[in-house]
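Everything below concerns the one structure shown next.
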Amino acid sequence: MFTLEQQLAEQVKQAVKSLYGLETETDNVQIQKTKQQFEGNLTVVVFPFVKAARKAPQMVAEEIGNALVSADNDKRIVDRFNAVQGFLNLVISPSYWMQCLQDITSSDNYGMQPANGHLMMVEYSSPNTNKPLHLGHVRNNLLGYSIAKIQEANGWHVVKTNIVNDRGIHICKSMLAWQLFGNGETPESTGKKGDHLIGDYYVRFDIEYKKQIKELMAGGMDEDTAKKGAPLIKQAQAMLLKWEQGDPEVRALWEKMNSWVYAGFDETYRMMGVSFDKIYYESQTYLEGKKEVERGLNEGLFYRREDGSVWADLTGNGLDEKLLLRQDGTSVYMTQDIGTAKLRFQDYPIDKMVYVVGNEQEYHFKVLSILLDRLGFRFGKDLVHFSYGMVELPNGKMKSREGTVVDADDLMAQMIADAREVSKDKVNKIAGISDEEAQEIARKVGLGALKYFILKVDPRKNMLFNPEESIDFNGNTGPFIQYTYARIQSVLRKAEDSITTGNLQISNDKEVELIQHLAEYPHVVRQAGQEFSPAVIANYCYQLACDFNSFYHDYSILGETDDSIKQLRLLLSHTVGKVLASGMSLLGIEMPERM
RNA sequence: GGUCUGGUAGCUCAGCUGGAUAGAGCAACAGCCUUCUAAGCUGUGGGUCUCGGGUUCGAAUCCCGACCGGAUCACCA
């Protein structure tokens, strides 16, 4: 099936050929949506043909317009036109639009591409196990989940994965602080989520550590020596060493504390509505990475310095030299990522690997790509680093240690509470609704507001979040779109017995605009996939909801007396609801049936 | 300093593969509920698209330069 644009482009191509003898490609025919202030649905820009025609733009537009209008009956889709300078505004015939609406309505999985037989793995979230998730992770999780959904819609078989950074000095710090100051506290004994409890001890470590540094410096030591020599950091490093040696006591403590954290993360993920098909743990992949580095060393791809550390020379790639193994033989971030990549490609027939990681790590992924390629992994060269921007607060970046982080659990709870509060102001809305249902609606709306707020902005750009100002529920927001959907469902519920399969009749421009908008959905999904941009979907849904609300305000659906007009409006409303729900689901946003 | 990236209304953001008079939301102001859900609709005000050159029929959009901001260039992750 050809799109309207494709059909028109073909016709313009023919017209230009017969009128001016100019051979052109349909790709060169510029067609855009007609601006609001002119009559028409689509506009052909005729400037490119002016030269060959040797006529004024206005004249060229009119000649092409006439050719389109006088096309054979079976091909004729242009009802009439108007030409404004070099712009040929086309009014598409109502019969085309009605057929279009019916095609959209009757298609299953409208906007979704058929399976392409390829597997894409999307890595996102990737938390450290020493503190709870914050707003930065929220953006990562929402983007990762949405990208996975969008690529699925574009025909990929997607495997969502998570690499948990469960080992290293950071978790040892929490473990040590808990051992020293914890008095055996547990999530059960404190009523705290496990990740928050561990986070508290991570902070506690830092406080005690700073105290020691201060004391040492008061005793005349310089700062650097104090930082390196403080007993606490020595103890933490000793603990890490024991961990690497497999010391049973340390391992047992580590297992216990990580299990608390995972229970906490699970709860956060569940509330956020994200999930994974396969989770990797760095404690299980870093050794594989070391093996690969050793192999590379033996094959002469890397080199060892005198101090025993192992490096990759990337100067030939325009980069620097990169450390792969420390002089004590322990692995670094890069080593682990190599190991993780290897295991993943052993586990799955991956055609495309996507890493959803902040733009601060662009250098890292550039290097990873080169190293994997050098090690002979065919997937290395074209791995995708989906690099997104930071979430900034009014006074800059979030800093864990300065207590300026916005906690993910708190934020979601706050959003839901706000949504509950807002709905209380809406009296006489939904009579006789149960408490549970009201809470469920508040959950969808609160989370919808948060998710939309984050996903509507271009992922590549940094975005600002002001904790002082609550996230809106009016205007260009998730709840606005959810509300539009709920309204539609309300109408459809009431219309249930008056839906027939009678004739359809278009009766105004707003209906046409809506159909035209609906027809763009598959293209929007494709574009979002190509650009890795949930924002494209979000903006589309907003526009569609705007158009529908305007239509809804101006015309009665159930009150329409002409049955064929009423049937068209019902069908149109139904389909708008369907597409809105589909689009929002690609953002991981649920739609309430009423609100 | 090298590399990457951004600068559009008071604020948050669209638009950026060149097209008509640059769009939304929030905030401000003024209207619209005995009628399908007012979390809605309509209107008013608000802009040297950072600045300067260039490319062309046409530039917020492409190119060059400047200024300002952010990221990165760790034996951190």
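Quick note: numbers below take in every heavy atom, side chains included, and nothing from hydrogens, waters or symmetry partners. Per chain, numbering begins at 1; letters A, B, ... match sequence-line order.
- Taking the P atoms as reference points, B:U35 lies 42 Å from B:C16, given to the whole Å.
- The residue among A:T484 and A:K33 whose nearest nucleotide of RNA chain B is located toward the 5' end is A:K33.
- Not one side-chain nitrogen or oxygen of A:R167 sits closer than 4.0 Å to the OP1 or OP2 atom of B:C76.
- Within the shown strands, nothing qualifies as a pairing partner of B:C16 under the Watson-Crick or G-U definition with both distances less than 3.5 Å.
- Using a 4.0 Å heavy-atom cutoff across all strands shown, A:T477 reaches no nucleic acid atom at all.
- Rounded to the nearest Å, the gap between the P atom of B:A20 and that of B:U3 is 35 Å.
- Nucleotides B:U5 and B:G65 place their P atoms 14 Å apart, quoted to the nearest Å.
- Side-chain proximity of A:Q37 to B:U21, B:C36, B:A39: nearest is B:U21.
- Of the two residues contacting RNA chain B, namely A:Q527 and A:M463, the nearest-nucleotide position lying further toward the 5' end is that of A:M463.
- Remark: B:U72 base-pairs with B:G2. Criterion, Watson-Crick or G-U wobble with two distances under 3.5 Å.
- Relative to the side chain of A:D472, the nucleotides B:G19, B:C26, B:A39 differ in distance, and B:C26 lies closest.
- As judged by a 4.0 angstrom heavy-atom cut-off over every strand, A:V457 is placed among residues touching the sugar-phosphate backbone only.
- The A:S550 side chain lies nearest to B:C41 when the options are B:A77, B:A20, B:C41.
- Side-chain contact, A:S573 with A:R487: no donor N or O sits under 3.5 Å from an acceptor N or O.
- The listed nucleotides are B:C75, B:A20, B:G25; the one nearest the side chain of A:Y542 is B:G25.
- Counting non-hydrogen atoms under 4.0 angstrom, A:I557 reaches a base of the nucleic acid.
- B:U61 and B:A22 have their P atoms separated by 14 Å, with the value rounded to a whole Å.
- Side chains of A:Q58 and A:E62: a donor on one and an acceptor on the other come within 3.5 Å.
- Donor-acceptor pairing under 3.5 Å is lacking for the side chains of A:Y124 and A:N162.
- Side-chain contact check for A:H517 and A:D547: at least one donor-acceptor pair (N or O, by modelled atom type) lies under 3.5 Å.
- With B:A77, B:C36, B:A38 as the candidates, the nucleotide lying closest to the side chain of A:Q361 is B:A77.
- Among the protein residues, A:V445 comes within range of the nucleic acid bases, having at least one heavy atom under 4.0 Å from a base atom.
- For the residue pair A:E511/A:N508, the side-chain donor-acceptor check at 3.5 Å is satisfied.
- Within the nucleic acid shown, A:N466 has no heavy atom closer than 4.0 Å to any nucleic acid atom.
- Nucleic acid contact for A:N89: base, since at least one base atom lies under 4.0 Å from a heavy atom of the residue.
- Among the nucleotides B:A14, B:G19, B:G40, the one closest to any side-chain atom of A:D458 is B:A14.
- The side chain of A:K35 places an N or O atom within less than 4.0 Å of a non-bridging phosphate oxygen (OP1 or OP2) of B:A20.
- With 3.5 Å as the limit, one finds a donor-acceptor pair spanning the side chains of A:S283 and A:D166.
- Residue ring and nucleobase are not stacked for A:F480 and B:A39 under a centre distance beneath 5.5 angstrom and an angle between planes beneath 30°.
- With hydrogens and angles left out, the side-chain atoms of A:S125 and A:N141 include a donor and acceptor closer than 3.5 Å.
- Stacking of A:R167 on the aromatic ring of A:W254 is not recorded, the 6.0 Å distance cut-off and the 45° axial limit not both being met.
- Stacking of the aromatic ring of A:F38 onto the base of B:A20 is found: the ring centres lie under 5.5 Å apart and the planes are inclined by under 30°.
- Taking 4.0 angstrom as the limit, A:R569 places none of its side-chain polar atoms (N or O) nearer than this to OP1 or OP2 of B:C36.
- Closest contact between the side chain of A:Q327 and the listed nucleotides B:C75, B:C41, B:G19 involves B:C75.
- For B:A28, the paired base is B:U44 (Watson-Crick or G-U wobble, both distances below 3.5 Å).
- Within the structure, every side-chain polar atom (N or O) of A:R460 is placed at least 4.0 Å from both OP1 and OP2 of B:C4.
- Nucleotide B:G65 forms a Watson-Crick or G-U wobble pair with B:C51, both donor-acceptor distances falling under 3.5 Å.
- If you check B:A14, B:C36, B:U72 against the side chain of A:N539, the one that comes closest is B:A14.
- Distance from the side chain of A:R487 is smallest for B:A38 among the nucleotides B:A71, B:C16, B:A38.
- Taking 4.0 angstrom as the limit, A:K494 places a side-chain polar atom (N or O) nearer than this to OP1 or OP2 of B:U37.
- Using a 4.0 Å cut-off, no side-chain N or O of A:K456 falls inside it from OP1 or OP2 of B:U12.
- Listed nucleotides: B:C75, B:G40, B:C13. Nearest to the side chain of A:N474: B:G40.
- Of all nucleotides present, none satisfies the Watson-Crick or G-U wobble test against B:A39 with each distance under 3.5 Å.
- The side chain of A:K366 places no N or O atom within less than 4.0 Å of a non-bridging phosphate oxygen (OP1 or OP2) of B:U3.
- By the 30° and 60° cut-offs, the orientation of the rings of A:F365 relative to A:Y355 is tilted.
- For the C1' atoms, the distance linking B:A60 with B:G18 amounts to 11 Å, nearest Å.
- Across all strands shown, B:U34 forms no Watson-Crick or G-U wobble pair with both distances under 3.5 Å.
- Looking at heavy-atom distances under 4.0 Å, A:Q30 makes contact with a base.
- Contact annotation: A:N462 side-chain N/O to B:U5 OP1/OP2 distance is not under 4.0 Å.
- Separating the C1' atom of B:A77 from that of B:U37 is a span of 49 Å, rounded to the nearest Å.
- No aromatic stack links A:Y483 and the base of B:G40, using centre distance under 5.5 Å and interplanar angle under 30°.
- Across B:A38 and B:C32, the matching C1' atoms stand 9 Å from one another, rounded to whole Å.
- Contact annotation for A:Y363: backbone-only contact, meaning every heavy-atom pair under 4.0 Å involves sugar-phosphate atoms and none involves a base.
- B:G10 sits 12 Å from B:G47 when the C1' atoms are compared, rounded to a whole Å.
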